[in-house]
Each structure stands twice: as C-alpha cells, then as structure tokens.
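Following: one structure in structure tokens, then a few remarks.
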Amino acid sequence: MRLCSMITLQDVQNSCSWGGNWFAEIFVGKCETLAHILASVAAPARFRHSDVNRKKTRQHQWWCSDVTFHCADQELCEQWVRATNEQLSSLSMSNRPKSLLVYINPYGGKQRGERIYEQKVAPVFRRAGIFTDVIVTERANHARDHLKTEANLDKYDGVVCVGGDGMFSELLHGLVTRTQTDHDVDQNQSDAELVPCSLRIGIIPAGSTDCVCFATVGTNDPITSALHIVVGDSQPMDVCSVHQKDVFLRYSISLLGYGFYGDLQAESERKRWLGPARYDLSGIKTFLCHNLYEGSISFLPAGDNVGHPRDKQPCRSGCRVCQHSKDEHNEIRGWKTVQGEFIAINSASMSCACPRCPKGLSPFAHLADGTTDLILVRKCSRLDFFRHLLRHTNKQDQFDHSFVEVHRVRKFSFQPRRHELASPEEQSEHLKTTGFNPKISAQTSAVSSWSCDGEILHQAAIRVSVQHQLIRLSTLLPTIGPGTKQRDAKKINNNGKREDFPGKL
Ligand SMILES: Nc1ncnc2c1ncn2[C@@H]1O[C@H](COP(=O)(O)OP(=O)(O)OP(=O)(O)O)[C@@H](O)[C@H]1O
C-alpha cells in the first residue's frame, strides 16, 4: 500500500523480453521512493521506470530519466510490475492517449520534421505504449483535407502535428471543420455556436517560428512537447472565427494582424526560399515602408471579470480568469467604434510570445477566457513605432504610448476606408505594377492584408468572433512565463507552489 500512495503520476505499460532477461517498461511520473526500494534488490530480472523531470537550467524543458530495477528472481519482479501496473491503472489515467494520428510536414522550418519525429518523438511514444498512425504530408493542406473528410477519428485519442504554426493551423482547420460537419453546424454563419472538438491537438515544434508551441509550452523542444502529450496534459483554447459577410474565411488561435504584420507576412511568403531569415529581412523592409491604413474598427468589449490587457495578470496553469470565464458570457455591453489611420491592427488571442519576442505582443492575454486583445497602433513617426517595437523585447510596457490603445474584446469587425482590390488576380496585377502588394506607396492610405496565424488573408473587411474553449491542446501552461528567469521560478518554489507539473506530483 505504501507503494501506491507514493505513485502519484501514472502510467504503466508493456512488458517484453529484452536481452534474455524479463524486462518491463513503466512510464510514470515522478516516483523517487519507489526507485530506492527496488534498486536495493539485486539480480538478473529487472524492469525500467521512466520519470518525467524538469530541467534545472531551463525551467520549461522536460526530460525523461530512466531507472532500471534489478530483482532477485523473475517472479518477484513480475509481482512488482503487476502491483505497480494495478495501482497505476486505478489512478485516473483517462487523459493519457493510447492512440494518436501524427502528421509530419517534411518541408516546414529547416525541413527536419521527419528526423525530429523519428529521433526524438517516436521513441517517447513507443516507450509509453502509444499506438501511432503517421502521415508525412505530400502537399500543402494535405493534413487539413485528410482530417476534414477521410480520417477515421474514432480510432484516435488525439492528433499531433510535427511542423510550424502553418501546419498547426492546418490541423486546427481540419479538426474544427470536421467537428462542425459531424454536428451539422454551418461555419458560414458568423453567429453560429461552434461545437468544441473532442480530440486534443499536440504540437511537436519543427517549423521556423513555432509561436503557438512556445506560447503554450514555454519552450520549443520536441521532447518536452512529446512528454506533455504522453502524460495526457490538456489546455483549453479559444479560437477566433473570421468571416467576411456570411462567408467563413479562417480560424485563428494566435495573431490576426493587419497593416504591419499583414505586410510582413505577405513579404516573407515571397521570400520563403530564404528560410527563417526571411522574417528578419521582411521585417526591416516593412518597417522602412511605414505604411498607414485608414479604416474603422468596431468591437464588443469584454466584461471586467476577464481583466484588462495591462493588468499584469498572466495566463498560467490553472488560470482563474479562464476557469471563471464561462459565467461572463451573458454580459451585455455595447459595441464601440474607433476610426483613423493605423500602422497596425493586431488581435492577440494569446501572448504570442516567441524566442524573438519573449513577452509576446500581448503578454497578459488569456488563452481560454473567450476574449482577444485588440491592439491599435495609430499613425506615428517611424522612430516612435520603432520604440514601440523595441518594447516587445524589453521589460517596458509596449502599450504605454499615446498612439497605442488596447482593448480586451469578444468580437470585432474592421472596415477599410477604401474599397478592397476585388480579386487575387487584381492584387497580383497591383503587385507587378507597384512592387509591393497591395499598397500603393508609403504614407498612402490603401488596403493591406491580414496575417492570420502566419497565413495571408487577402480580404481586409472582416468580422471576428472569439469561440470560447473550442479546442484543447496537449499541453499545460507553465506556472511561470516563457522568458522568466530561474531565480523568479525559485521564488515560486520557496512559496511552496509547484511549477510545471500541476496536479501531477
Ligand atoms: N508536404 C508539403 N509540401 C509543401 N507544403 C506543405 C506540405 N505540408 C504542409 N505544407 C505547408 O507548409 C506551410 C509551412 O509549414 P510550417 O508551418 O510547418 O513551417 P514554417 O512556415 O517554416 O514554420 P512557422 O509557421 O512556424 O513559421 C504550411 O502552411 C503547410 O500548409
């Protein structure tokens, strides 16, 4: 009985013949005392126990340590494994996946998706006894289309994407669309209440920026992500649905950016051959262009219970704001409208932290509270805009400028002042004549495009609604933020609170 009370982190799996000795692998959480008991027993029979640990030097990174236990005789060893298995099975392990559908983008980032999966992730899944079906994509939208129509989702406990933000977006679209189709929900209706997806999405970072992974796990490390999937972590997430009139356009989970980020994205797509360096070059070019866009934004502000983008209340594991956000849904607040000339209009549904911008565009945005942070950067000088951008990389408040305003909202819509260029053909014609799509020249009011989680949306006039906790990711937010220093984490420790393993140890 002492044994079972010590095992607070789960899972057990397969026993097999190994090296002529009876050998069993047990995949559990932290269980140091069990190791002591068994290590003292000498002998030929043995079993191995794997722990999930956090790296001391890198707060958000997890690794797996093994202890092999030797036993005096095989029968005793079997008894230990059986007893451990029974105790672990009786714990609530329903969250642990047994079967996963994995999509690998072989061309994302530095084209190392397949290698990352084979060398770092597949061994972790194998040891945890997880059955996997692996699909290496053959074209863009392969994963999305497969999920939408062909995949037999009843077979799986979750889907996993090996790639970057674009690949994650494919899985998001495939899974959400499939769920709505299965429940006869029309995605084209902007006010339709969407049905939450039952399968979780795991992200193995293998792209260029991996912003979603970094902002939700705290690090871009394939093994850490694999371990989050294996131990059954689950984080609800809001998803923004984007419409133009009554036509569904896309879903967004992280950043919707018009103006500066829309232009940057469009430019970087044209420089894809440069690899990850394309973002730096495109950023410089877009900054130098300093384009302004005129239009009006209407938004439905969220209530006070979900806080404010500048309240310094980060979204962390067990976030109270997100937990209590369901009660907020019936609040009635009037729409507000602002208009003018803008350098950037951003909607951040999460912090959007990434290694280049460790605080993110909106450091205190919440992942699952049914809101998005709408950031409006009005006309200002290049130097002021540079100062604003610089604040994303230091500790200063990037919203503390007279030309920046930020609102926490449930819905918003944008209408550019000028008519949009009607079709993609017209836009590409424009690109040929002006050299920069789709604007005319610096300081001229024209129409930009939206960057929607790293994909381009050519429609400028859009309507956005936040769909509360529509999906779940196979992760658990850290209790300290990405980029937080070790000594800050220790402070949390000294106060008696656990860090990255809530509810697990
Ligand atoms: N087999 C494939 N061939 C070509 N393109 C693909 C294939 N599979 C997926 N894609 C597309 O590649 C695009 C980029 O992939 P991904 O997001 O994985 O990498 P990335 O763009 O380098 O990383 P990030 O989005 O984090 O910057 C996605 O939009 C996806 O639709």
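Heavy-atom basis, side chains included; hydrogens, waters and symmetry copies ignored. Remember, it's 1-based here, ligands and their atoms both numbered in the order they're listed.
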### Query
Taking the side chain as C-beta and beyond, is there a heavy-atom pair between V162 and V121 under 4.5 Å?
no
### Message
Taking a cutoff of less than 4.0 Å between a non-hydrogen atom of the residue and any ligand atom, is E170 in contact with ligand 1?
### Response
yes
### Task
Could you find the nearest protein heavy atom to atom 17 (O) of ligand 1 and give me its residue, atom name and distance?
G166 N, 2.8 Å
#### Entry: Distance in Å, F414 CZ paired with S448 OG, rounded so as to fall on 0.5 Å steps
8.5 Å
### Task
Please round to the nearest 0.5 Å and tell me the distance separating atom OH of Y258 and atom SG of C452.
14.5 Å
### Query
Should Y107 be counted as touching ligand 1, given the test is an N or O pair under 3.5 Å?
no
### Summary
Here the atoms of ligand 1 under 4.0 Å from any heavy atom belonging to G163 are 18 (O)
### Spatial distance of atom CG (D369) from atom CZ (R410) [nearest 0.5 Å]
7.0 Å
### Message
Test of understanding: given a 4.0 Å heavy-atom threshold, classify the contact between Y279 and ligand 1 as side chain, backbone, both, or neither.
### Response
side chain
### Query
So which protein heavy atom does atom 19 (O) of ligand 1 come closest to, and at what separation?
G108 CA, 3.4 Å
### Message
For atom 8 (N) of ligand 1, what's the nearest protein heavy-atom neighbour? Residue, atom name and distance, please.
### Response
T137 OG1, 2.8 Å
### Query
So, does Q111 sit close enough to ligand 1 that a heavy atom of it is under 4.0 Å from the ligand?
no
### Task
Find the distance between CD (Q189) and OG (S465) and round it off to the nearest 0.5 Å.
12.0 Å
#### Entry: Among D186, L175, V185, side chain to side chain contact (heavy atoms under 4.5 Å, CB included) partner for Q180
V185
### Query
Which one of C211, P106, A143, A140 has a non-hydrogen atom at the shortest distance from atom 5 (N) of ligand 1?
A140
### Query
Any idea which atoms of ligand 1 are less than 4.0 Å away from a heavy-atom of E138?
1 (N)
### Query
Quick one: nearest non-hydrogen protein atom to atom 12 (O) of ligand 1, plus distance?
N105 ND2, 3.3 Å
### atom 23 (O) of ligand 1 - nearest protein heavy atom and its distance
S208 N, 2.9 Å
### Query
Does ligand 1 have any atom that is closer than 4.0 Å to a heavy atom of F168?
no
### Query
Does an N or O from G109, backbone or side chain, lie closer than 3.5 Å to an N or O of ligand 1?
yes
### Task
Compute the shortest N/O to N/O distance between M167 and ligand 1 and return yes if it is under 3.5 Å, no if not.
yes
#### Entry: Atom pair CG (D246) and CD (Q187), whose distance is rounded to the nearest 0.5 Å
13.0 Å
### Task
Determine, for R278 against E267, whether the closest basic-nitrogen to carboxylate-oxygen distance falls under 4.0 angstrom.
no
### Message
Among all protein heavy atoms in this structure, tell me which lies nearest to atom 18 (O) of ligand 1, with the distance rounded to 0.1 Å.
### Response
G164 N, 2.7 Å
### Query
Which protein non-hydrogen atom lies closest to atom 21 (O) of ligand 1, naming both residue and atom, and how far is it?
R272 NH2, 3.3 Å
### Query
Between R408 and D373, is there a salt bridge with N-O shorter than 4.0 Å?
yes
#### Entry: Sidechain N-carboxylate O distance under 4.0 Å for D397, R310
yes
### Task
Please check if atom CD in E150 has more than 12 non-hydrogen atoms from other residues, nucleotides or ligands closer than 6.0 Å.
yes
### Query
For atom 29 (O) of ligand 1, which protein heavy atom lies nearest, and how many Å away is it?
E455 OE2, 3.3 Å
### Task
In sequence, state the C-alpha distance, the side-chain angles, and the governing distance for F260 and F385, and then conclude on ring pair (Phe, Tyr, Trp, His ring centres under 6.0 Å).
CA-CA 10 Å; F260 181 74; F385 187 53; 5.0 Å; yes
### Message
As an exercise, identify every atom of ligand 1 less than 4.0 angstrom from a heavy atom of R278.
### Response
21 (O)
